[in-house]
Undergrad: 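Before we start, here is the structure in question, set down as structure tokens.
Each ligand, and each atom within it, is numbered from 1 in the order the structure gives.
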Amino acid sequence: MRSDLFEATRRSLQREPKELPPVWLYDERGSLLYEAITRLPDYYLPRREAEILAVHAGSIAAQTEARTLIELGSGSARNTRFLLDALGLERFVPFDVSERMLLESAGAIAEAYPEVSVEPIVGNFEHDLAALPTDGPRLIALLGSTIGNLDPQHRAELLRLLAQELREDDALLLGLDLVKDVARLEAAYHDRTGVTEAFVRNALTAVNRELGATFDQRQFVYEPGWDLEHEWMDIGLRALGPHVVAVPELKLQIAFERGERLRVEISSKFRRDAFETELDRAALSARSWWTDRLGDFAVAVAS
Ligand code: AVJ
């Protein structure tokens, strides 16, 4: 698992533009910073998703009759509570790379829902799906537009893996942030308090710690921007001047030019038609598609 991430990091840093796998964002500190982001007034995503789940959780329960809820990238699992309230579950399986956050939220949920067996799994859902329990009917949830972190190719791979994993009576629940006014998207990722910047910069801190890298924060400015062609927020840093970063664990020397970008994550925004085509290509189909009143966010059930 670690070596997969190391290999992915090597490839990403040698790509054009240079990138870091977004998993580096979610160490212990990063998970806490993301929690702070979810409380920012301009970061509308979790609140829109909560609005949809509050209205439709009953219908998700009736449609899926799920007894096991698996949540990939569960984090604090705050919005998951709408599902836990409605589903009448035997088992809840939160799955996250961040062990500390995972165990904390699993503990809180076990306490609040004593009738549910809470069985956390530490892992990266792009590599470790084999660890999932098989007792059904299962609902596999990927909330908060987490899937937006993947580029179209990785998204297609994940959807195909999930389609293979799903049995007849299982279903998939996806939270998707929708394409909208650019000013609102930029406000969501460029907050004045600097929490989002700290969250993104923390990926460099994590890589320095885990790979012995020599990223110097002062050599980079934070720069999120809307990519009109791909319809994703391109979130990362820009080098202020030419310099070389060593990554001893990967035996790499990475040269940055002045003004060169380092992408830390993308946050794709979705349109219903195009996403239904993606589901189709993975041999999945959307059984339901709901949005909030403003049409900012969607929740889809697929099988
Ligand atoms: C956790 C991937 C859904 O893309 O909105 C928030 C991450 N990055 N602010 C997102 C994030 C900067 C977030 N996801």
Undergrad: Counting heavy atoms only, which part of Tyr26 comes closer than 4.0 Å to ligand 1: side chain, backbone, both or neither?
TA: side chain

Undergrad: Could you tell me, atom by atom, which parts of ligand 1 come under 4.0 Å of a heavy atom of Thr196?
TA: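 Matching atoms, with element in brackets: 9 (N), 12 (C).
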
Undergrad: Is the distance from the ring center of His190 to that of Tyr222 below 6.0 Å?
TA: yes

Undergrad: Please say whether Tyr43 places an N or O atom under 3.5 Å from an N or O atom belonging to ligand 1.
TA: yes

Undergrad: Would you mind running through ligand 1 and noting each atom that sits below 4.0 Å from a heavy atom of Asn149?
TA: 2 (C)

Undergrad: Please write down residue, atom name and distance for the protein heavy atom closest to atom 3 (C) of ligand 1.
TA: Gly144 O, 3.0 Å

Undergrad: With nothing but distance in play, are any N or O atoms of Glu265 less than 3.5 Å from an N or O of ligand 1?
TA: yes

Undergrad: Side chains of Thr68 and Asp135 only: does a donor on one sit below 3.5 Å from an acceptor on the other?
TA: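 No - no donor-acceptor pair under 3.5 Å links their side chains.
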
Undergrad: Verify the distance criterion only: is there a donor paired with an acceptor across the side chains of Asp4 and Asn124 at less than 3.5 Å?
TA: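 Judged by distance alone, the side chains do not pair up.
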
Undergrad: Does any N or O of ligand 1 fall below 3.5 Å from an N or O anywhere on Ser267, backbone included?
TA: yes

Undergrad: Counting each atom of ligand 1 from 1 as listed, which ones have a heavy atom of Ile37 under 4.0 Å away?
TA: 9 (N)

Undergrad: Side chain or backbone of Met233 under 4.0 Å from ligand 1, or both, or neither, by non-hydrogen atoms?
TA: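 It is neither; nothing of Met233 touches ligand 1.
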
Undergrad: So that I know where these two stand, are Phe220 and His243 an aromatic pair - ring centroids less than 6.0 Å apart?
TA: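 Ring centroids of Phe220 and His243 are less than 6.0 Å from each other.
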
Undergrad: Give the atoms of ligand 1, by number and element, whose distance to some non-hydrogen atom of Ser145 is under 4.0 Å.
TA: 3 (C)

Undergrad: Counting only heavy atoms not in Arg100, do more than 12 sit closer than 6.0 Å to its CZ atom?
TA: no

Undergrad: Does NZ or CZ of Arg184 lie under 6.0 Å from the centre of the six-membered ring of Tyr44, at an angle within 45° of the ring axis?
TA: yes

Undergrad: Measure from the ring center of Tyr26 to the ring center of Phe199 and say whether it is less than 6.0 Å.
TA: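 Yes.
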
